[in-house]
Amino acid sequence: MENKENQGNPGCENKESINFIQSIIDKDKENNKYGGRVHLRFPPEPNGYLHIGHAKSICLNFGLAEKNGGLCNLRFDDTNPSKEDIEFIESIVRDVRWLGFDWEDRLYYASDYFERMYQDALTLVRKGKAYVCDLNPDEIREYRGTFTKPGIESPYRNRSVDESLSLFQRMRDGDFEDGSRVLRAKIDMSSPNLNMRDPVLYRILKKTHHRTKDQWCIYPMYDYAHPLEDYYEGITHSVCTLEFEDHRPLYDWILTNLYSSGLPQQIEFARLNLTNTVMSKRKLRFLVEEGYVNGWDDPRLPTISGLRRRGYTARAIRNFCDRIGVAKTNSIVDIRFLEHCISEDLNQSAQRIMAVLNPLKLIIDNYPENLTEELEGENNPEDSNAGTRKIPFSRVLYIEKEDFQEVPPNKYFRLAPEREVRLKNAYIIQCKEFVKDENTGEIKEVHCTYDPETKSGQPGAKRKVKGTLHWVSASHALTAEVRLYNHLLLDDTVEQQAEEENNDFIGKFNTKSLEILKGCLVESTLKNAPVGNHYQFIRKGYFCVDPDSNKGRLIFNQIVSLRDSWEKIEKLNQDNSR
RNA sequence: UGGGGUGUAGCCAAGCGGCAAGGCAAGGGAAUUUGGAUCCCUCAUUCGGAGGUUCGAAUCCUCCCACCCCAGCCA
């Protein structure tokens, strides 16, 4: 009795679980740490295309801002001109916007802060907190020491402030070659944290920057630039991934040596990993450049542009990101969960269509030769407002090859000699005979009779039959190409990032990840289907119109298939007969 | 090896000293003009391990183990 009453407490049941970052924000709000402000940012480097892992971060940052009445900036962390490009900026802007997030007028670039960062660097030098070092890259590495061996101080570490100041100015002026000198923080060469062993703050890079052109030949390093970018923008919570955890002391060092209040705090969470795919920029690039896939928006790729082309909706992706949670545990999310999210979304919204992927001719012998009936079909049984449409029915139809079997296995509810089956939205038919190619054994056509009393909607249709098949009318159907997709990688474990050196993962590449079906037949409803539109092909799966389509050429991408219970039974049958 | 992290079901993940949420996957069943969707039921006597504190521990303490990250003038 008591228990029941407790269970009825809605306050308990509806309590949403809060991630650890939200808890930090809650505490900060409570303590009025930033005057109640919550300000985040999504700071991509424009050196590649965004993928589903970035989507997690985007949803986290923009989502946290939204939930807390705060703001979230979009900021390009463009501090390395040798890797970055305007092309990537454009694709990133498009993808974040497509995901449904709005940074209003707060689109920023690290490169816009270069002068201010330079001035701050000067301050560090003046304070004796930074110095120009003439060691070359190899020497710096040697002097750094190892995990177990402390580093050695640079011979330039104690040169005068004035000398560093003038050398730094000359670095900026272009007096020195790439790699010949750097500006370094003066911290602690024996720190157990290698990031604190006098990290490089500025390097010479005589490269044209995509935005600042040739204005600069020295560029700030991430560790120096990032905390400052956050500070300049009034960021309160600087959310990044786990690998930056050891950089946090440096993040704080930069800030506390330059500024005293309103300092942002870095918080790290685990990046997203997915089974059966690749997520690193390097591997993605490899697949694209080596032609394993067809470009950055190949529907097999977990890039945002690939997912979009595949037919994923922004809503489904956002929902997925919300549901996987945010924590510090390294994890590998099952890609089937992503697939579940898009199925769930499309089940509610996608128009139902009949499409035959592998056509088998079916002739209704007792149906009038020249008659065409306009039958009514529901557009979406999940949505009462979706309405109905007319579907032409005639004597010659096509059904799915797999929906007929000469010798039906156990629990096979589809068509077979003498068997009855319902044609969706039409009639109950009975198989009378079939034509088989004597040489190949392939079934060429199936002949049936229909029962006029069983037309859908009429009382006679109430009769129970085990199976319902989808079909298209031969003379009305449209020809289409259908692209079927399977997981990119066969192995369902994540790529081993430790074995980065080679491209081992390519051994797991699924050579059947793309299957192209050419002679598919789809309902005439799809005649002018716009690119990107989503449909459920009844009994098959969710599909969308690929941008390769044009007038007279319809191409569909399979987004996900429907759950196939028969497949399971079939497999069981096979196992049992062994 | 020094440092920084993390370990709750097959996969995510709540839990914050009062006796293991939820989702995905899996299995069973109901219903069904999509073998879809839906609906019901099952699925951790135990929280990496071992000790300890406590009336009471996934939660606190100690030790141990496993895994991840760091030795770019990348981010």
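Residue numbering restarts at 1 for every chain, and letters A, B, ... go by the order of the sequence lines.
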So, do [X] and [Y] have ring centers that fall under 6.0 Å from each other?
X	Y	answer
A:Tyr251	A:His247	no
A:Phe76	A:Tyr109	yes
A:Phe413	A:Trp566	no
A:Tyr156	A:Tyr131	no
A:Tyr202	A:Tyr219	no

* Over-ring placement of A:Arg323 relative to A:Phe337, 6.0 Å and 45° cut-offs ->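 So A:Arg323 doesn't make the cation-pi contact.
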
* Cation-pi check, A:Arg172 onto A:Tyr118 ring (under 6.0 Å, within 45° of axis) ->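 Geometry flag: set, cation within 6.0 Å and 45°.
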
Find the distance [X]:[atom1] to [N]:[atom2] and express it as a whole number of Å.
X	N	atom1	atom2	value
A:Lys207	B:C73	NZ	C1'	12 Å
A:Leu135	B:A71	CG	C1'	15 Å
A:Ile152	B:A71	CD1	P	19 Å
A:His340	B:A25	NE2	C1'	11 Å
A:Leu415	B:U34	CG	P	17 Å
A:Glu142	B:G72	CD	P	12 Å
A:Phe269	B:C68	CZ	P	20 Å

* Asked: Does B:U8 have a Watson-Crick or wobble partner in any strand here, with both distances under 3.5 angstrom, and which is it?
  ->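 With both distances under 3.5 Å, B:U8 matches B:G15.
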
* What is the base-pairing partner of B:U62, counting Watson-Crick and G-U wobble geometry with both distances under 3.5 Å? ->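 The answer is B:A50, by the H-bond criterion.
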
* Asked: How about A:Glu523 and A:His470: does a side-chain donor come under 3.5 Å of a side-chain acceptor?
  ->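 Not at all, the side chains of A:Glu523 and A:His470 share no donor-acceptor pair under 3.5 Å.
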
* Just checking A:Phe537: base, sugar-phosphate only, or nothing, at a heavy-atom cut-off of under 4.0 Å? ->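 Counting heavy atoms under 4.0 Å across all strands, no contact is made by A:Phe537.
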
* Are A:Thr146 and B:U1 close enough that a side-chain N or O sits under 4.0 Å from OP1 or OP2? ->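 No, no such contact exists.
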
* Member of A:Arg414, A:Arg419, A:Arg422, A:Lys424 meeting the salt bridge (Lys or Arg N to Asp or Glu O under 4.0 Å) criterion with A:Asp403 ->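 Testing each of A:Arg414, A:Arg419, A:Arg422, A:Lys424 against A:Asp403, the sole residue satisfying salt bridge (Lys or Arg N to Asp or Glu O under 4.0 Å) is A:Arg414.
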
Where the side chain of [X] is defined as all heavy atoms beyond and including C-beta, which of [options] is the nearest nucleotide?
X	options	answer
A:Met221	B:C73, B:U34, B:U33	B:C73
A:Val182	B:C74, B:C73, B:U34	B:C73
A:Ala327	B:U33, B:A13, B:C73	B:A13
A:Ile324	B:A75, B:G72, B:C12	B:C12
A:His247	B:U33, B:A75, B:A26	B:A75
A:Ser456	B:A75, B:G72, B:U33	B:U33
A:Trp566	B:U34, B:G35, B:A75	B:G35
A:Lys568	B:G23, B:U34, B:G27	B:G27
A:Thr148	B:A75, B:U1, B:G35	B:U1

Gap in Å between the two [atom1] atoms, one belonging to [N] and one to [M], rounded:
N	M	atom1	value
B:U8	B:A14	P	11 Å
B:A9	B:A21	C1'	14 Å
B:G18	B:G10	P	27 Å
B:G27	B:C43	C1'	8 Å
B:G72	B:C67	C1'	25 Å

Determine if [X] stacks with [N]; use a centre-to-centre distance below 5.5 Å and an interplanar angle below 30° as the criteria.
X	N	answer
A:Phe337	B:A25	no
A:Tyr202	B:C73	no
A:Tyr222	B:A75	no

* To do: Tell me whether B:G72 sits syn or anti, counting syn as a glycosidic angle within 90° of 0.
  =>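 Chi for B:G72 falls in the syn range.
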
Which protein N or O atoms sit under 3.5 Å from an N or O of nucleotides 3-11 of chain B?
unit_1 : atom_1 : unit_2   : atom_2 : d
B:G3   : N2     : A:Asp246 : OD1    : 3.3
B:G3   : N2     : A:Asp246 : OD2    : 3.3
B:G4   : O2'    : A:Asp246 : OD1    : 3.4
B:G5   : O2'    : A:Glu245 : OE1    : 3.3
B:C11  : O3'    : A:Ile332 : O      : 3.1
B:C11  : O2'    : A:Ile332 : O      : 2.8
B:C11  : O2'    : A:Asp334 : N      : 3.4

* Asked: So, does the side chain of A:Glu378 form a donor-acceptor pair with the base of B:U33 at under 3.5 Å?
  ->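 No pair found.
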
